[in-house]
Amino acid sequence: MTLHLQEGKQIELNSSKPFAVVAITKHGVELARHLHATFQQNDLFYMSKFEQGDEEERRIQLFEGNVRMLLPALFSSYKGIIMIISLGAVVRMIAPLLKDKKTDPAVVVIDDKGKHVISVLSGHLGGANELTRELADHLKATPVITTASDVQQTIPVDLFGQKFGWVWESSEKLTPVSAAVVNEEPVAIIQESGERNWWNYKKPFPTSLTVYETFDEAIAAKPNAALIISHRILTEKEEELLQNGVLYRPKVIVLGIGCNRGTSMEEIEAVILSTLEELRFSVKSVKDVCSITLKQDEAGILALAQKYQWPFTCYSPEQLNSVKIKNPSDTVYKFTGAYGVSEPAALLHSGADSLILTKKKSGNVTLSVALITHS
């Protein structure tokens, strides 16, 4: 199939792969065909005048006209765009399409000979830097990455903890806090929960970054910026650090759930949200929900898990009974075969020695809360 690119004409692509590779020169097409056959999952687009006869068989898309007309469709369809086109031309072509770093796709440029791979757009959030490294390694080329935190090998504020599933409370201060980190200004780090092995560079920990045990110590130090890792809702005093700080939510909360058959998603959700509010815990730090195998088809729990993208794990009565709980119930055992549901499920799944909330009964719902700890 050949795409005919015309000014003002909308193009809809049926993208099946995360990446698009685009080439417009003879040598670029040769390199693009090599990448299409050997590197990850990508859809390939090149000019029809370089047709070689096997394009339909290999599901390669040909186009006629100015490649600039193809870019809007690529931007909306792919996670990353690999362009074997000169850097200057790419910059001019993508400029009108740029929105912000949270939504723009990764854009990587490769020269015609495959000697240099350049991260152009969305280096961190879009994954262009990582894609650049992978492509350079694949082609035995030189990666060109200019992001300051990558070059200096320090904390990338916008990606901090991402590999563990951490999420920001707000992205408002990402830019000024990133500047403080790369400019080696005094930055406080307070970590109350979450994975601890986040410094993975071989070089020593920068002296400009200081880990404090308490908020009081960090506030007293008057740092230029702060990185806070916590599942808690901060107090008004603690929030002083967020004047130029980023709050990360690690995935550490496990919810053990029991409910009567047919309990609505809305009722379960209301109990969870009100309970987390009482505990002063953030819903963004919920990692998993868990229950007994009898509930693996419970529509209300399944709908809730889907809404929040929480994994839902169910344990057999035998597994639940292997966990010692404070108040085993003969009544619960009579109906489920387990002496408890929410309590042992939360303990079993979190690996915790004790529960933050042993058991809360509200309407048709029973809820237990545990925290995953990391050494």
Side-chain angles (χ1 to χ4, degrees), residues 99-104 122-127 129 146-201 203-253 273 276-287 308 356 371-375:
K99 294 180 180 177
D100 63 69
K101 65 180 182 180
K102 295 189 286 294
T103 58
D104 291 334
S122 296
H124 276 166
L125 296 182
N129 290 356
T146 58
T147 310
S149 59
D150 287 85
V151 174
Q152 295 181 20
Q153 292 191 318
T154 191
I155 293 175
V157 173
D158 51 356
L159 292 183
F160 191 33
Q162 188 182 73
K163 65 180 179 180
F164 304 122
W166 299 1
V167 295
W168 325 304
E169 184 69 17
S170 168
S171 62
E172 181 184 358
K173 298 294 182 180
L174 284 177
T175 299
V177 174
S178 295
V181 171
V182 300
N183 290 329
E184 299 180 335
E185 299 172 11
V187 176
I189 301 174
I190 306 100
Q191 182 170 11
E192 294 187 319
S193 53
E195 292 80 358
R196 306 281 170 166
N197 56 327
W198 41 261
W199 183 260
N200 51 15
Y201 297 113
K203 73 173 195 175
F205 195 66
T207 56
S208 59
L209 305 178
T210 305
V211 178
Y212 293 95
E213 293 294 323
T214 68
F215 277 86
D216 286 340
E217 292 174 335
I219 292 169
K222 297 181 179 179
N224 288 26
L227 305 175
I228 301 168
I229 309 103
S230 178
H231 60 282
R232 286 192 307 108
I233 304 299
L234 303 188
T235 65
E236 186 175 344
K237 182 181 179 182
E238 292 166 345
E239 286 184 343
E240 291 179 20
L241 290 170
L242 295 182
Q243 292 178 8
N244 194 38
V246 179
L247 173 57
Y248 300 89
R249 297 303 191 186
K251 301 294 187 179
V252 294
I253 300 172
L273 295 181
L276 292 176
E277 185 177 0
E278 292 165 7
L279 294 171
R280 294 192 61 78
F281 286 179
S282 170
V283 69
K284 291 183 179 180
S285 280
V286 174
K287 179 176 176 61
Y308 288 91
I356 299 298
L371 282 182
I372 299 170
T373 57
H374 297 87
S375 59

Side chains of Leu174 and Phe160 in contact at under 4.5 Å (non-hydrogen atoms): no
Crowding at NZ, Lys203 (>12 non-hydrogen neighbours, <6.0 Å): yes
side-chain hydrogen bond (donor to acceptor under 3.5 Å, both in side chains) partner of Ser193, chosen from Arg249, Arg232, His374, His231: His231
To the nearest 0.5 angstrom, please state how far the CD1 atom of Ile190 sits from the CD atom of Glu213. 10.5 Å
Please check if the number of heavy atoms outside Glu277 that lie under 6.0 Å from its CD is greater than 12. no
Please report the interatomic distance NZ(Lys284) to NZ(Lys251), rounded to the nearest 0.5 Å. 9.0 Å
In sequence, state the C-alpha distance, the side-chain angles, and the governing distance for Glu184 and Ser208, and then conclude on side-chain hydrogen bond (donor to acceptor under 3.5 Å, both in side chains). CA-CA 5 Å; Glu184 299 180 335; Ser208 59; 5.6 Å; no
The reported gap from CG in Leu247 to CG in Leu234 (rounded to nearest 0.5 angstrom) is 5.0 Å
How long is the span from the OH atom in Tyr212 to the CG atom in Leu241, to the nearest 0.5 Å? 10.0 Å
Lys99, NZ atom: more than 12 neighbouring heavy atoms under 6.0 Å: no
Smallest heavy-atom separation, Gln153 atom then Trp199 atom, equals O-CH2, 3.6 Å
Whether over 12 other heavy atoms sit under 6.0 Å from Glu172 CD: no
For Ala180 and Ala225, which heavy atoms make the closest approach, and how far apart are they? CB-CB, 3.7 Å
Using atom types as modelled and distance alone, determine if a side-chain donor or acceptor of Asp100 lies under 3.5 Å from a backbone N or O of Thr103. yes
Indicate yes or no: at least one non-hydrogen side-chain atom of Thr210 is less than 4.5 angstrom from one of Ile189. no
Would you say the side chain of Phe281 lies within less than 4.5 Å of the side chain of Ile356, judging by non-hydrogen atoms? yes
Test of ring centre spacing under 6.0 Å for Phe164 and Trp198: no
Thr154 to Val182 - nearest heavy-atom pair and separation: CG2-CG1, 4.4 Å
For the atom pair CD (Glu192) and OG1 (Thr214), what is the distance rounded to the nearest 0.5 Å? 9.5 Å
Distance-minimising heavy-atom pair for Ala188 and Ala218: CB-CB, 4.2 Å
Is the shortest heavy-atom distance from the side chain of Pro223 to the side chain of Val187 under 4.5 Å? no
Quick check for you: to the nearest 0.5 Å, what is the distance between Ser375 atom OG and Glu195 atom CD? 10.5 Å
Shortest non-hydrogen pair, Val283 vs Leu276, comes out as CA-CD1, 3.8 Å
Report yes if some heavy atom in the side chain of Trp166 is under 4.5 Å from a heavy atom in the side chain of Ile229; otherwise report no. yes
Heavy-atom nearest pair, Ala226 first then Val177, reads O-CG1, 4.1 Å
For Ile253 and Leu371, run side-chain contact (heavy atoms from CB on, under 4.5 Å): C-alpha distance rounded to whole Å, both residues' side-chain angles, the deciding distance at 0.1 Å, then the answer. CA-CA 5 Å; Ile253 300 172; Leu371 282 182; 3.7 Å; yes
